[in-house]
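Values below: every heavy atom of this structure, side chains too, minus hydrogens, waters and symmetry copies.
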Amino acid sequence: MRVATWNVNSVTARLPRLLAWLEGSRPDVLCLQELKTTTEAFPAAEVGALGYEVAAHGTGRWNGVALLSRVGLADVVRDLPGQPEYEGVVEPRAVGATCGGVRLWSVYVPNGREVGHPHYAYKLEWFEALRRTVEAEGTGSVPFAVLGDYNVAPTDEDVWDPAVFEGSTHVTEPERKALAALRDAGLADVVPRPLKYDRPYTYWDYRELGFPKNKGMRIDLVYGNPAFAGAVSDAYVDREERKGKGASDHAPVVVDLDVA
DNA sequence: ATGTCGCGGTTCCCGCGA
């Protein structure tokens with residue numbers, strides 16, 4: 001079984017690339033983030049023509065997540081139980097489903113903007129709701145994983161230059177402790193292999209030639225319970241998809257599993 | 001070497017978020 005996660009930075013803008021990537025990589029399940037469109041406007045017919053069922057969750061210009069599956073899509077849940085609001089709104093940042101006997105969540109963790117900003121506190125609250133979901137769903141024998149854009153680099157090795165990020169979001173101790181809490185809840189960080197260079201970055205800023213200079217970050221993560229992580233046979237970052245005109249600023253992370 | 005991108009509204013540029 002092949003599962004993948006990809007922040008597409010607008011599914012509408014990325015549709016030609018998304019369809020080509022699905023045809024080329026043939027994941028059984030794909031977790032998408034940053035749809036930037038509504039549930040209704042999601043291109044379900046186009047991905048359906050490739051054999052995928054869709055659980056999309058979007059409200060418009062920002063955020064939005066989806067699960068695409070060609071191995072079944074059951075027990076769909078939109079939003080984390082108890083997911084915190086931002087400015088009075090529960091944003092579309094999480095969707096869960098059971099696909100081919102594996103329980104999966106596609107998540108888009110809040111960015112945080114600046115340390116001390118209300119969005120940063122919201123980010124940490126959001127992680128706590130995610131941790132509670134892991135405790136509720138992920139501690140049994142069923143393979144379980146949370147895939148998506150976590151907006152946190154787990155270690156200093158996961159950013160191209162730690163000095164540049166000093167004092168910024170994505171690398172602070174409270175954010176990294178939120179990831180550690182997920183590991184304490186039983187999940188393992190399924191670290192993919194890079195297809196080039198030494199670090200498996202998943203995101204490179206559009207600005208200042210981030211990709212050609214490999215000024216990247218590993219912020220798109222796959223956190224799986226023992227039944228999931230123990231079944232992993234391979235994992236890699238598909239940096240090829242970050243190349244060329246019309247790319248997202250994130251590359252897909254692909255995980256192959258030996259599950260029935 | 002791609003030396004930002006994408007969206008929606010206040011539209012044919014601007015502000016915002018990332």
CG of A:Asn9 versus C1' of B:dG8: gap in Å, rounded? 15 Å
A:Trp105 and A:Glu137: side-chain hydrogen bond (donor to acceptor under 3.5 Å, both in side chains), yes or no, with the steps? CA-CA 10 Å; A:Trp105 282 87; A:Glu137 290 194 1; 2.8 Å; yes
Rounding to an integer number of Å, can you tell me how far A:Glu34 CD sits from B:dT4 P? 19 Å
Using heavy-atom distances to pick each residue's nearest nucleotide on DNA chain B, tell me which of A:Ser10 and A:Gly112 is more 5'. A:Ser10
Reckon A:Tyr108 touches a base, only the sugar-phosphate, or nothing at all at heavy-atom distances under 4.0 Å? sugar-phosphate
Euclidean distance, atom NE2 of residue A:His117 to atom P of B:dA18 [Å, nearest integer]: 9 Å
Remember a base hit wins even if backbone is also touched, and classify A:Gly210 as base, sugar-phosphate or nothing at under 4.0 Å, heavy atoms. nothing
A:His119 and A:Tyr122 aromatic centres sub-6.0 Å: yes
Where the side chain of A:Arg207 is concerned, which of B:dA1, B:dC7, B:dA18 is the nearest nucleotide? B:dA18
Would you give the length of the straight line joining atom CG of A:Asn151 to atom CD of A:Gln33, rounded to the nearest 0.5 angstrom? 10.0 Å
Find which nucleotide of DNA chain B each of A:Trp62 and A:Gly246 is nearest to by heavy atoms, and output the residue with the more 5' nucleotide. A:Gly246
Whole Å only: how far is the CD atom of A:Gln33 from the C1' atom of B:dA18? 14 Å
Given B:dG6, is OP1 or OP2 found less than 4.0 Å from the side-chain N or O atoms of A:Arg14? yes
Audit row: A:Asp158, A:Arg176, salt bridge (Lys or Arg N to Asp or Glu O under 4.0 Å) steps and yes/no: CA-CA 12 Å; A:Asp158 295 308; A:Arg176 287 178 171 167; over 6 Å; no
I'd like the C1' distance from B:dG6 over to B:dC12, given in whole Å. 16 Å
Using the P atom as the reference point in each nucleotide, state the distance between B:dC16 and B:dT10 in Å, no decimals. 13 Å
Aromatic ring pairing A:Tyr150/A:Phe127, orientation class (parallel under 30°, perpendicular over 60°, tilted between): tilted
In whole angstroms, how far is the P atom of B:dG6 from the CG atom of A:Asp205? 13 Å
Please report the C-alpha distance between A:Arg2 and A:Asp28 in whole Å, then the side-chain angles of each, then the deciding distance to 0.1 Å, and finally whether the salt bridge (Lys or Arg N to Asp or Glu O under 4.0 Å) criterion is met. CA-CA 5 Å; A:Arg2 170 167 280 185; A:Asp28 294 291; over 6 Å; no
Using whole Å, what does the distance between atom C1' of nucleotide B:dG6 and atom CG of A:Asn63 come to? 14 Å
Classify A:Thr12 by what it touches in the nucleic acid, base, sugar-phosphate, or nothing, heavy-atom distance under 4.0 Å. sugar-phosphate
What's the closest nucleotide to the A:Arg93 side chain, out of B:dC7, B:dA18, B:dT2? B:dA18
Options B:dA18, B:dA1, B:dG6, nucleotide nearest the side-chain atoms of A:Ala13: B:dG6
Out of B:dT2, B:dC5, B:dA18, which has the shortest distance to the side chain of A:Tyr206? B:dC5
Among the nucleotides B:dA1, B:dG6, B:dT2, whichever has the atom closest to the side chain of A:Lys213 is B:dA1
Classify A:Arg242 by what it touches in the nucleic acid, base, sugar-phosphate, or nothing, heavy-atom distance under 4.0 Å. base
N or O in side chain of A:Arg113 less than 4.0 angstrom from B:dA18 OP1/OP2: yes
Looking at B:dA1, B:dC7, B:dC5, which one has an atom nearest to any side-chain atom of A:Pro212? B:dA1
Rounded to whole angstrom units, what separation is found between the OH atom of A:Tyr203 and the P atom of B:dT4? 13 Å
